[in-house]
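Notes follow once the structure below has been shown.
Just so it is clear: chains get the letters A, B, ... in the order the sequence lines come, proteins before strands, and each one is counted from 1.
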Amino acid sequence: MKDTLAGFYRILEDHYGPTGWWPGDTDLEVIVGAVLTQNTAWTNVEKALENLKRDGNLTFRALVQMPERDLAQRIRPSGYFNIKAKRLKALLNHIHERYGGDLRRMRRRPLPTLRKELLAINGIGPETADSILLYALGKTTFVVDAYTRRILSRHGLTEADIGYEELKGIFETRFDVDRHFYKEFHALLVYLGKDFCRKVPRCEECPVASKYPPVISTE
DNA sequence: CACCAGGCAAGTA
DNA sequence: TACTTGCATGGT
C-alpha cells in the first residue's frame, strides 16, 4: 500500500501540482470555509464567503458579534444555512471563550487535545476538524473526505465502507510525517476526484487509471 | 426534470 | 450498534 500511495502521489503531483491549498486568504477564512463546504460544492461556498467579505464581516470580531439569523442569511448560497450558522457560532464561540479568539494561542496546544476539543463541538465532525487542524492550525494530521474514500475504493485498494479513522491511519502510518505532504496529497485527491472520480465516473481519462486500473463495480 | 456536492447529528428500532 | 432522514442552494 505504501508504494501504491507513493505512486498515486507522484502521478497526481505531475498532473496537478503544486496546488497551493487550502484556498483562502486567512486562517479564519479556512475555518469558515471548512464548515460551509460540508456536503456542498465549493462554488456555492465561494458565494457565501464573498457575501461576508464584501461588507468586511469575515473577521473574528464581526462573526462573533453577528446575530445567528443575520449570519444565516449571509451564508445562504452555501446551503443548509440555518444549521451551518449554528455550527459556525458554536465553533467561533469556543475559540472566543477558550482562546480569546487568538489562533496563535490555540495553535500552541497539542494536536490530540485540539482534535478532541473540536470534535466535542456540535457540528464539527472528523473531516471538518482535520481540515481546520491541518490547513488553519498547521497540525500534522491527514484529512479524509468523500473523494479519498471513493478514489481508493474505485482502484480496489480499500473497501468502500472503510471507517474514517481507519482510512486516515493508512495515510498516516505509511508515510513519513510531514504536514506539507499531507496538505498537498489531500488537495491532489480532491482535484482528481472533481475531474474523474465523481459518483458518475469518467475513468477513461483518469491519469491514475493506466498504472492503477479502476475496479469495475465496487461501491 | 433528476441528480449531485470536500458532512454531521438526531431519530428509529 | 446499525440504518435512515433532515438540512438547502446552485450547477449539470
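- Between the CH2 atom of A:W42 and the P atom of B:dG7 there is a distance of 12 Å, given to the nearest Å.
- Taking atom P on both B:dC3 and C:dT5, the two are 15 Å apart, rounded to the nearest angstrom.
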Item to complete: If a protein heavy atom is under 4.0 Å from the base, mark B; if only from the sugar-phosphate, S; if neither, -; do that for nucleotides 4-9 of chain C going 5' to 3'.
Response: ---BBB
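- Contacts between residues 23-37 of chain A and DNA chain C, defined by a heavy-atom separation under 4.0 Å, are absent.
- Annotation for A:H94: atom NE2 counts as buried by contact number, over 12 foreign heavy atoms lying within 6.0 Å.
- Checked against side chain to side chain contact (heavy atoms under 4.5 Å, CB included), A:F8 has the following partners two or more places apart in sequence or in another chain: A:T4, A:I151, A:H155, A:L157, A:F185, A:V208, A:Y212.
- Between A:R115 and A:E165 a salt bridge is recorded (basic side-chain N to carboxylate O distance below 4.0 Å).
- When the P atom of B:dA5 is taken as reference, atom CG of A:D145 falls 11 Å away, rounded to whole Å.
- Within a 6.0 Å radius of NZ in A:K86, no more than 12 heavy atoms belonging to other residues, nucleotides or ligands are found.
- In terms of the salt bridge (charged side-chain N to carboxylate O under 4.0 Å, His left out) criterion, A:R61 has no residue partners (sequence neighbours excluded).
- Listed by chain and number, the residues in a salt bridge (charged side-chain N to carboxylate O under 4.0 Å, His left out) with A:E205 are A:R202 (sequence neighbours excluded).
- A:R98 pairs by the salt bridge (charged side-chain N to carboxylate O under 4.0 Å, His left out) definition with A:E117, not counting sequence neighbours.
- Side chain of A:R154 to backbone of A:V215: no donor-acceptor contact under 3.5 angstrom is found.
- Atom pair A:I75:CD1 and B:dG7:P shows a separation of 16 Å (rounding to whole Å applied).
- Residues from residues 113-140 of chain A with heavy atoms under 4.0 angstrom of DNA chain C: there are none.
- A donor-acceptor pair under 3.5 Å is absent between the side-chain atoms of A:K84 and the main chain of A:G123, judged by distance alone.
- Nucleotides B:dC1 and C:dC7 are separated by 22 Å at their C1' atoms, to the nearest Å.
- Comparing the same atom, P, in C:dG10 and in B:dA9 gives a spacing of 25 Å after rounding to whole Å.
- In this structure, A:E50 places its CD atom 15 Å from P of C:dG10, rounding to the nearest Å.
- The stretch residues 62-79 of chain A participates, sequence neighbours left out, in these salt bridge (charged side-chain N to carboxylate O under 4.0 Å, His left out) pairs: A:D55-A:R74.
- With sequence neighbours left out, A:D195 forms a salt bridge (charged side-chain N to carboxylate O under 4.0 Å, His left out) with no residue at all.
- Spacing between atom CZ of A:R149 and atom P of B:dC8 amounts to 10 Å, rounded to whole angstrom units.
- Rounded to whole Å, the distance from NZ on A:K194 to P on C:dT12 is 12 Å.
- Going from atom CD of A:Q38 over to atom OH of A:Y80 covers 10.0 Å, rounded to the nearest 0.5 Å.
- Rounded to an integer number of Å, the gap from A:D195 CG to C:dT12 C1' is 15 Å.
- Counting to the nearest Å, the P atom of B:dA5 and the OH atom of A:Y191 are 18 Å from each other.
- Contact annotation: A:K47 side-chain N/O to C:dG11 OP1/OP2 distance is under 4.0 Å.
- Scanning for side chain to side chain contact (heavy atoms under 4.5 Å, CB included) contacts around A:K53 gives A:D25, A:E29, A:E50, A:L58, with sequence neighbours left out.
- Separating the C1' atom of B:dA10 from that of C:dT9 is a span of 22 Å, rounded to the nearest Å.
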Distances under 3.5 Å only, N/O to N/O: pair up the protein atoms with those of nucleotides 11-13 of chain B.
none

Just distance, no hydrogens or angles: give the donor-acceptor pairs under 3.5 Å from side chains in residues 132-145 of chain A, sequence neighbours left out.
{"residue": "A:Y135", "atom": "OH", "partner": "A:K183", "partner atom": "O", "Å": "2.7"}
{"residue": "A:K139", "atom": "NZ", "partner": "A:R107", "partner atom": "O", "Å": "2.9"}
{"residue": "A:K139", "atom": "NZ", "partner": "A:R109", "partner atom": "O", "Å": "2.8"}
{"residue": "A:T141", "atom": "OG1", "partner": "A:D130", "partner atom": "OD1", "Å": "3.3"}
{"residue": "A:T141", "atom": "OG1", "partner": "A:K168", "partner atom": "NZ", "Å": "2.4"}
{"residue": "A:D145", "atom": "OD1", "partner": "A:Y147", "partner atom": "N", "Å": "3.4"}
{"residue": "A:D145", "atom": "OD1", "partner": "A:T148", "partner atom": "N", "Å": "2.9"}
{"residue": "A:D145", "atom": "OD1", "partner": "A:T148", "partner atom": "OG1", "Å": "2.5"}

